[in-house]
**Student:** 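This structure is in structure tokens; I'll ask about it shortly.
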Amino acid sequence: SSAGPVPSEDLDDWLLAEKYLRHFYDLPVGLQGRRGEPSGHFTAKIKEMQRFFKLKVTGNLDENTLDLMKEPRCGVPDVGE
Amino acid sequence: YNHFPRDLKWQTNDVTFRIVNYTPDLEKSDVDRAIRRALNVWSDVTPLTFKKLHKGIADIMISFGSREHGDHNPFDGPDGLLAHAYPPGEGIGGDTHFDEDEHWSKDSSTYNLFIVAAHELGHALGMSHSTEPSALMYPVYSYSTGYPLSEDDVEGIQALYGPNPNSRKVKPKPDAPDKCDPMLTFDAATELRGETLVFKDRFYWRLHPQIPEPEQVLIKSTWPSIPNKVDAAYENPEKDLVIIFSGIKMWALNGYNLVDGYPKYIHRLGLPKSIRKIDAAVHIGDTGKTLLFTDEEYWSYDEATGTMDRGYPRSIEKDFPGMNDEVDAAVYHYGFLYFFHEHVQYEYSYNSRKVMRILRTNSILNC
């Protein structure tokens with residue numbers, strides 16, 4: 001994996017992001033890596049989400065990305081079928 | 001806009017719907033009305049017609065449920081997921097589910113059923129999520145008034161079904177402003193407790209000094225009672241207030257909270273009744289004066305006494321040499337006035353009384 005460390009150390013944030021990306025961006029189960037060592041899949045999905053929402057594409061769980069993941073929204077995935 | 005894979009759509013323009021159950025949060029008639037209005041949003045711009053069934057299987061089955069509600073796509077309690085819908089097709093296709101753990105309303109107090117229903121019914125007709133922040137099909141909830149569809153939504157649904165052959169004129173919302181448009185103009189700008197807010201159309205950008213990338217937000221999603229268009233704004237740091245102007249009214253904010261007793265008429269500041277809007281406003285902390293710009297003139301308001309200074313209005317061009325004769329927005333930083341006019345920004349030294357630099361308006365938006 002070429003992914004770098006995740007800035008946010010909060011376990012809740014990591015779990016939120018994993019759940020969010022699995023539900024809305026088709027992150028395959030078991031391929032998210034570990035907190036502090038995210039997999040390339042995880043980082044790629046963060047980037048996909050950041051691209052969708054026109055955030056700065058960093059692949060990191062920065063504040064703007066996490067804030068958006070906490071917003072109330074529609075349950076339909078943003079990508080895929 | 002986006003469609004679902006294979007551009008799923010109804011193969012007939014005559015679609016049936018049925019409201020299977022009702023939320024206790026609203027009167028039955030309010031739910032019926034919200035759903036009917038939400039369907040009309042889409043039928044107004046397409047050849048689609050919607051017929052209500054009271055029993056049996058309809059194309060679009062609408063229901064309220066919480067947590068696991070029978071489709072193996074559970075909801076999650078209050079907030080988070082609000083609703084979902086399935087793209088056109090047999091069986092569960094078209095079905096629309098609302099999370100009963102949300103509190104549904106017909107105003108801005110909680111999640112507005114009409115707005116969420118219009119979004120979900122978009123899915124039921126074949127629209128997927130849009131990346132356009134101003135679009136109804138943007139995935140994140142935001143409250144807004146007025147016509148709910150943006151140009152992006154109209155383009156998307158008409159790509160599937162074509163336009164309404166008997167259309168009455170609709171006025172879709174324009175797309176969100178692009179911060180890197182070189183011709184970008186501002187409606188208003190102000191400081192707010194160390195951040196800078198820049199207003200444009202129905203949106204504002206929020207700039208934090210330590211975060212290079214500005215955040216774009218719908219005005220209504222932060223302040224539902226402020227109009228969609230802001231003319232001017234300024235911060236009075238001594239009073240910890242931001243005053244927002246729109247037309248002949250003004251609102252006061254303490255932080256992000258609206259202050260009771262507003263809106264008030266702008267004429268309470270001492271402006272003549274002939275003034276119908278303020279183009280720009282800026283507070284000069286060093287002098288305690290607030291400058292209010294209207295057309296080619298400006299006024300000086302003394303915040304301490306709450307009165308308009310004598311000898312005003314005065315000419316912008318005369319008193320600010322090098323500046324254009326009209327102003328769209330203005331902010332004050334460390335002795336410099338930043339005047340925004342069209343796509344140009346003038347850095348004006350208050351002490352030297354001259355323009356020091358000319359920049360693009362959107363240079364403060366990290367472009």
Side-chain angles (χ1 to χ4, degrees), chain A residues 3-30 32 41-81, chain B residues 2-6 8 69 71 73-76 78-87 89 96-99 102 110-111 115-120 122-124 127-133 136-143 176 178-180 206 208 210-217 221 366:
Chain A
V6 175
S8 168
E9 304 258 325
D10 190 336
L11 175 62
D12 286 343
D13 287 342
W14 169 268
L15 292 173
L16 163 81
E18 185 202 343
K19 192 174 169 187
Y20 189 97
L21 295 171
R22 206 176 319 131
H23 187 113
F24 296 112
Y25 288 85
D26 202 27
L27 172 71
V29 173
Q32 66 275 14
H41 284 97
F42 192 76
T43 306
K45 289 297 180 184
I46 295 176
K47 285 183 177 176
E48 195 176 354
M49 177 248 176
Q50 289 169 332
R51 235 174 264 122
F52 186 97
F53 285 104
K54 298 184 166 82
L55 299 172
K56 194 163 185 185
V57 180
T58 60
N60 294 327
L61 287 180
D62 47 54
E63 196 179 332
N64 281 346
T65 303
L66 282 167
D67 279 350
L68 206 139
M69 286 180 174
K70 292 170 186 170
E71 293 284 325
R73 58 159 291 161
C74 171
V76 174
D78 295 332
V79 299
E81 218 155 321
Chain B
N2 288 290
H3 297 139
F4 289 107
R6 293 173 283 138
L8 294 170
H69 51 277
D71 62 359
N73 265 319
F75 289 130
D76 57 354
D79 305 314
L81 308 177
L82 304 182
H84 56 223
Y86 293 86
T96 301
H97 304 156
F98 296 91
D99 186 354
E102 311 304 342
T110 57
Y111 298 113
I115 289 175
V116 175
H119 174 100
E120 297 306 328
H123 288 312
M127 295 288 286
S128 187
H129 282 144
S130 173
T131 61
E132 169 55 51
L136 175 67
M137 294 313 299
Y138 190 69
V140 175
Y141 174 82
S142 64
Y143 176 80
D178 174 11
K179 69 182 177 79
C180 291
R206 198 171 142 201
H208 192 282
Q210 276 139 23
I211 301 174
E213 198 60 23
E215 183 188 356
Q216 188 180 50
V217 188
S221 68
N366 196 28

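Bear in mind that the values here come from a model prediction, so they are computed numbers and not experimental data. Quick note on labels: first sequence line is chain A, next is B, and so on, each numbered from 1.
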**Student:** Examine whether an atom of Tyr111(B) lies under 4.5 Å from a heavy atom of chain A, and if so say whether it belongs to the side chain, the backbone or both; otherwise answer neither.
**Tutor:** side chain

**Student:** Just how far is it from atom CD of Glu215(B) to atom CD of Glu63(A), taken to the nearest 0.5 Å?
**Tutor:** 9.0 Å

**Student:** Can you sort out the partners of Asn64(A) under side-chain hydrogen bond (donor to acceptor under 3.5 Å, both in side chains), two or more places apart, ordered by chain and number?
**Tutor:**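 Applying side-chain hydrogen bond (donor to acceptor under 3.5 Å, both in side chains) to Asn64(A) gives none.
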
**Student:** Kindly determine whether Phe24(A) and His129(B) satisfy side-chain contact (heavy atoms from CB on, under 4.5 Å), including the steps that lead there.
**Tutor:** CA-CA 11 Å; Phe24(A) 296 112; His129(B) 282 144; 5.8 Å; no

**Student:** If you count heavy atoms of other groups shown closer than 6.0 angstrom to NZ of Lys56(A), is the number above 12?
**Tutor:**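 Result for NZ/Lys56(A): open.
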
**Student:** Could you list the residues that satisfy side-chain hydrogen bond (donor to acceptor under 3.5 Å, both in side chains) with His23(A), not counting sequence neighbours?
**Tutor:** none

**Student:** Taking Pro72(A) as the fixed residue, which of Leu82(B), Leu81(B), Val116(B) is the one that meets the side chain to side chain contact (heavy atoms under 4.5 Å, CB included) rule?
**Tutor:** Leu82(B)

**Student:** Hey, could you give me the CZ/CG distance between Arg73(A) and Asp79(B), rounded to the nearest 0.5 Å?
**Tutor:**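 Answer for the CZ-CG pair, Arg73(A) versus Asp79(B), is 14.5 Å.
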
**Student:** Under a 4.5 Å cutoff for heavy-atom pairs, which residue among Glu102(B), Gln216(B), Glu120(B) has the most contacts with chain A?
**Tutor:** Glu120(B)

**Student:** Please classify the contact between Tyr86(B) and chain A as side chain, backbone, both or neither, with a heavy-atom cut-off of under 4.5 Å.
**Tutor:**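 Answer is neither: Tyr86(B) stays 4.5 Å or more from chain A.
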
**Student:** Output the distance between atom NZ (Lys54(A)) and atom CD (Glu132(B)), rounded to the nearest 0.5 Å.
**Tutor:** 5.5 Å

**Student:** Can you give me the closest heavy-atom contact between Pro139(B) and Phe52(A), atom names plus distance?
**Tutor:**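 For Pro139(B) and Phe52(A), the tightest heavy-atom pair comes out as CG-CE2, 3.7 Å.
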
**Student:** Could you look at Ser142(B) and say if it's the side chain, the backbone, both or neither that has a heavy atom under 4.5 Å from chain A?
**Tutor:** neither

**Student:** Quick one: closest heavy-atom pair of Val76(A) and Ala85(B), and the distance?
**Tutor:**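 Between these two residues, the closest heavy atoms are CG2-O, 3.4 Å.
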
